[in-house]
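To start, the structure itself, in structure tokens.
Numbers for residues simply follow the sequence, beginning at 1.
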Amino acid sequence: MQLNIYKDVKQFYKDTYNILMGHEVENLIPLGNLIIGNEGKDKTGWRDPANWLMATVTEAREIKLTAIMTPPFGITLYETDNVHNPAALECLVKGLLDTKISVPRVMTNKSLAENFTKLYTKATGQNHEIYMRQRVFKLSKVNPQISTHGTMRLVRPSDMTFFPYWVEHAMNIFTGRDIVIPDTTTDYDYRIDKKLYYILEDDGVPVTMACITREMQNIAGVGMVYTPPYFRSKGYASSCVAQLSQLILDRGFKYCVLYTDLTNPTSNSIYQKIGYEAVCDFLEIKFM
């Protein structure tokens, strides 16, 4: 087994894109990151490949394991064709230690996350905790019987009176990040300019937010679904996700993909009623 660490994102893209496409839905996050890095149009924040870990483990020149880490986020892993290869995983962990690359978290399918964690914590002496149990869902058709409320539109500059607060509350829920509203609007202006964030309005009142997280060859991701507490339990989140999912399908994508928190049975039930079907389970594990 040989560990290959890349500095050239375009070469990494060339070597791994088709492999990751073997399970496009499951690899929504690493594929999305890979596309961003290869295009090179956006290097804001974590999106600059100069700061990434890009690695493969090969045997007889065949890639057995692919790893991408975009600091400050954790590492994502994919075993080619989902065939477990203990030797490849051991090679990766040894290489991380030899090069003194620290991994804050791992987020990947359940069994692979567990196998990596066993090796990594044994090698580093670190403790770990499960940060989030997730389920990956895909949708090819929106349930026509789902009730819809309100109308959906793009986020616009005039929404800055509430949009930053919604974003920070959503990030707090999804990542545990502290709720801090910056002194500048740069990050929120960027999100508005990307034209991926949508607001659901009911009688002209903004009630729910969602966004398209990534757009790829056949799929697009749905995420950042957030409803303020005082608007919850009214069907707004369900309606917003249903309308955004239909918009994605109308643009020609084969599937919509989203990740859910398994500790939230309400959201899991809502998405399945819309038409989402479970694909696999993911674990996000934090190392300490």
Side-chain angles (χ1 to χ4, degrees), residues 1-6 12 16 19-20 22-34 46 51-59 62-137 171-177 213 221 223 257-265 268 278-288:
M1 291 291 174
Q2 178 178 329
L3 176 67
N4 314 285
I5 296 180
Y6 294 72
F12 185 61
T16 63
I19 291 172
L20 293 171
H23 286 84
E24 187 179 4
V25 170
E26 180 180 331
N27 288 319
L28 172 72
I29 292 175
L31 267 170
N33 294 346
L34 189 61
W46 58 266
N51 302 318
W52 294 3
L53 165 68
M54 300 174 284
T56 59
V57 177
T58 54
E59 182 180 36
E62 290 188 3
I63 293 176
K64 303 296 183 180
L65 179 68
T66 302
I68 308 176
M69 185 165 69
T70 58
F73 302 107
I75 195 168
T76 59
L77 306 171
Y78 174 64
E79 293 173 308
T80 302
D81 295 326
N82 280 332
V83 176
H84 181 45
N85 193 315
L89 211 51
E90 290 173 4
C91 180
L92 172 64
V93 171
K94 182 180 183 301
L96 292 171
L97 268 63
D98 289 346
T99 53
K100 295 181 171 55
I101 296 174
S102 178
V103 175
R105 302 185 186 195
V106 60
M107 189 181 110
T108 188
N109 74 63
K110 183 176 182 291
S111 61
L112 181 52
E114 291 172 339
N115 290 327
F116 175 83
T117 297
K118 288 177 183 177
L119 292 173
Y120 188 71
T121 54
K122 182 179 179 180
T124 62
Q126 289 181 289
N127 294 318
H128 71 279
E129 66 178 16
I130 295 176
Y131 180 76
M132 188 175 291
R133 300 178 188 272
Q134 298 178 309
R135 182 158 291 161
V136 183
F137 284 87
M171 292 301 294
N172 173 260
I173 293 170
F174 303 143
T175 70
R177 190 175 80 184
T213 57
V257 178
L258 56 76
Y259 291 68
T260 66
D261 181 352
L262 282 176
T263 64
N264 187 339
N268 282 270
V279 176
C280 62
D281 286 357
F282 265 43
L283 280 181
E284 184 171 2
I285 298 174
K286 180 179 179 181
F287 303 113
M288 300 168 290

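Residues satisfying the side chain to side chain donor-acceptor pair (under 3.5 Å) test with N33, not counting sequence neighbours, are R214. For Y120, the ring-ring contact (aromatic ring centres under 6.0 Å, His included) partners two or more places apart in sequence, or in a different chain, are F116, F287. Shown here are the side chain to side chain donor-acceptor pair (under 3.5 Å) partners of E114, two or more places apart in sequence or in another chain: K110. Judged as a side chain to side chain contact (heavy atoms under 4.5 Å, CB included), and not counting sequence neighbours, the contacts of T99 are I5, I101. Residues passing the ring-ring contact (aromatic ring centres under 6.0 Å, His included) test with F137, sequence neighbours excluded: none. For N4, the side chain to side chain donor-acceptor pair (under 3.5 Å) criterion is met by Q2, T56, T58, not counting sequence neighbours. For N127, there are no side chain to side chain donor-acceptor pair (under 3.5 Å) partners two or more places apart in sequence or in a different chain.
Among all heavy-atom pairs drawn from S102 and P104, the shortest one is O-CD, 3.7 Å. Across every non-hydrogen atom of A123 and V93, the tightest pair is CB-CG1, 3.9 Å. Taking each heavy atom of L3 and G95 in turn, the nearest pair found is CD2-CA, 3.4 Å.
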Sequence neighbours left out, cut at 3.5 Å: what donor-acceptor pairs do the side chains of residues 71-80 make with other protein atoms?
residue, atom, partner, partner atom, Å
T76, OG1, I68, O, 3.2
Y78, OH, H23, ND1, 2.8
Y78, OH, D81, N, 3.0
E79, OE2, H84, ND1, 2.8
E79, OE2, N85, N, 3.1
T80, OG1, I63, O, 2.8

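Here the straight-line distance linking atom OG1 of T108 with atom CD of E26 works out to 6.5 Å at 0.5 Å rounding. Note that the SG atom of C91 and the CG atom of D98 stand 9.5 Å from one another [nearest 0.5 Å]. A distance of 6.0 Å separates CG in L112 from CG in L89, rounded to the nearest 0.5 Å. Distance check: T66 OG1 to K64 NZ gives 11.5 Å after rounding to the nearest 0.5 Å. Atom CG of D261 is separated from atom CG of N268 by 7.5 Å, given to the nearest 0.5 angstrom. In this structure, the separation between OG1 on T16 and CG on L34 is 4.5 Å, given to the nearest 0.5 Å.
Although no hydrogens or angles enter the test, the distance criterion places no donor-acceptor pair under 3.5 Å between the side chain of W46 and the main chain of W52.
Applying the salt bridge (Lys or Arg N to Asp or Glu O under 4.0 Å) test to residues at least two apart or on different chains, the pairs with a partner in residues 116-135 are R135-D281.
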Item checked: Residues E90, M1; criterion side chain to side chain contact (heavy atoms under 4.5 Å, CB included); working and verdict -> CA-CA 9 Å; E90 290 173 4; M1 291 291 174; over 6 Å; no
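Side-chain atoms of N51 and T70, non-hydrogen and from C-beta on, never get closer than 4.5 Å to each other.
Ionic pairing of K286 and E284 is not present here: no N-O contact between side-chain nitrogen and carboxylate oxygen is shorter than 4.0 angstrom.
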